[in-house]
Engineer: 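Take a look at the following structure, please.
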Amino acid sequence: MIRMRTAAALVAPALLAAGLSGLAPTASASPTARTAAGLAPAPTAAAAAPHRVLFDNTKAETAGNADWIISTSQPDPLAQNASPSTEKSWTGALSAWGVALQKTGQYSLKTLPAGSTISYGTGAALDLANFDTFVVPEPNVRFSAAEKAALIRFVQNGGGLFLISDHNQSDRNNDGWDSPAVINDLLTNNGVDNNDPFGFSVDVKNISTDNPRAVNDPADPVLHGAFGTVTGSILRSGTTFTLKPADNPSVKGLLYRTGYSGTTGAFFVTSGYGSGRVAIWGDSSPADDGTGQSGNTLFNGWNDPAGTNAALALNATAWLSKA
């Protein structure tokens, strides 16, 4: 398991660089002189490549009162505000999530706009092969056969997939498919591995309210990551997951509904598949920052004191991106 870099580890190089910036440059041999002397050319500094995160908006993520986007500017949220400072800098109920990642300077964010197709290996600019992590927040439209195969192969080949489900009968666009059905269909009918590849299934439930708590695992990078320590979350009309370690032994419940443990009642789950990673959350409410497009009824679950939802979302994104 890859340990995430601590905040101190990230700050130290910057402080060192700042401390050295006031020093006069030292003399060094020119590239020509070094080559003539039989020495290798001096190395040049290169900026670290950002972790690339793509948010989905192709599966009715803004239907009804949902507004599960980081910005109305799509695909690039920076076109709305290139230097966001708060969740109100971008328009969308997931803007706090996006802005928090953007402010670190370590992430490059895009949105797959409505009307687009999820693809892998096509060479398109927004193809999954160009990203480290794909976030699918409460999909309300069934994935096509080609899209399901693309998602599984993306993870299989090293990608990170972040799924968010909601409760049973949460069909916001009235097409006959809600997020539990959409995700379970992905897990059992994808054409690549139809036998529960990630080791969990979505429970077809509508749980009105609970405050799921985190398991005691000091070494887990999602529960104890660079964005803080996760102690719990909120569940406000959501669902849980059943773990199936016989299908995938890497599956792991990190937060559980009150009174549950082991393979039942898991509210936040992680797993591995191939060389990639998966995370799934049982409710869209914790990621809702209470801001978004006018006309939607939104609530600030992101900062709800009953959970540490921001740390959970951000740590999980970092883990999925192998940051």
Engineer: Applying side chain to side chain contact (heavy atoms under 4.5 Å, CB included) between V251 and each of T263, V269, D196, report the one that passes.
Structural biologist: V269

Engineer: Taking ring-ring contact (aromatic ring centres under 6.0 Å, His included) as the cut-off, I'd like each qualifying pair that reaches into residues 164-195, sequence neighbours left out, listed once.
Structural biologist: none

Engineer: Taking K148 first and then D185, would you say they form a salt bridge - that is, a charged N and a carboxylate O separated by under 4.0 Å?
Structural biologist: yes

Engineer: Can you pull out every salt bridge (Lys or Arg N to Asp or Glu O under 4.0 Å) where at least one residue sits in residues 150-171? Sequence neighbours excluded, please.
Structural biologist: D166-R172

Engineer: Among side-chain atoms of D203 and T240, is any donor-acceptor pair under 3.5 angstrom?
Structural biologist: yes

Engineer: Have N57 and Q74 got a donor and an acceptor in their side chains that come within less than 3.5 Å?
Structural biologist: yes

Engineer: How about E138 and S284: does a side-chain donor come under 3.5 Å of a side-chain acceptor?
Structural biologist: yes

Engineer: Calculate, to the nearest 0.5 Å, the distance between atoms CG and CD1 belonging to L128 and I118 respectively.
Structural biologist: 7.0 Å

Engineer: Using the salt bridge (Lys or Arg N to Asp or Glu O under 4.0 Å) rule, collect all pairs that involve residues 99-127, keeping only residues at least two apart or in two chains.
Structural biologist: none

Engineer: Tell me whether V141 is reachable from I164 by hopping between hydrophobic residues (I, L, V, M, F, W, Y) whose side-chain heavy atoms are closer than 4.5 Å.
Structural biologist: no

Engineer: Counting neighbours of CD on Q293 that are heavy atoms of other residues, nucleotides or ligands and sit closer than 6.0 Å, is the number greater than 12?
Structural biologist: yes

Engineer: For S321 and A323, indicate whether the former's side chain and the latter's backbone hold a donor-acceptor pair under 3.5 Å.
Structural biologist: no

Engineer: Hydrophobic clusters here meaning ILVMFWY residues chained together by side-chain heavy-atom distances under 4.5 Å, can you tell me if I234 and V222 are in one?
Structural biologist: no

Engineer: Indicate, with yes or no, if F299 and W68 share a hydrophobic cluster defined by side-chain heavy-atom contacts under 4.5 Å among Ile, Leu, Val, Met, Phe, Trp and Tyr.
Structural biologist: no

Engineer: Given D56 and L54, is the side-chain contact (heavy atoms from CB on, under 4.5 Å) satisfied, shown in steps?
Structural biologist: CA-CA 7 Å; D56 186 59; L54 180 66; over 6 Å; no

Engineer: By salt bridge (Lys or Arg N to Asp or Glu O under 4.0 Å), which residues pair with R213, not counting sequence neighbours?
Structural biologist: none

Engineer: Per the ring-ring contact (aromatic ring centres under 6.0 Å, His included) rule, what does the pair list look like for residues 101-139, sequence neighbours excluded?
Structural biologist: H51-Y107

Engineer: I would like to know whether R236 and N211 meet side-chain hydrogen bond (donor to acceptor under 3.5 Å, both in side chains); could you show each step before the answer?
Structural biologist: CA-CA 9 Å; R236 306 291 184 262; N211 294 322; 2.9 Å; yes

Engineer: Mind checking whether L109 and I69 sit in one hydrophobic cluster, side chains of I, L, V, M, F, W, Y counted as touching below 4.5 Å?
Structural biologist: no

Engineer: Indicate whether any N or O donor in one side chain lies under 3.5 Å from an N or O acceptor in the other, for S201 and N184.
Structural biologist: no

Engineer: Starting at CZ of F55, measure out to OG1 of T317 and round the result to the nearest 0.5 Å.
Structural biologist: 6.0 Å

Engineer: State which residues pass salt bridge (Lys or Arg N to Asp or Glu O under 4.0 Å) with D217; sequence neighbours excluded, sorted by chain then number.
Structural biologist: K252

Engineer: Any link between V192 and L151 through a network of hydrophobic side chains (Ile, Leu, Val, Met, Phe, Trp, Tyr) touching at under 4.5 Å?
Structural biologist: yes

Engineer: Nearest 0.5 Å, what's the CH2-CG distance between W97 and D288?
Structural biologist: 12.0 Å

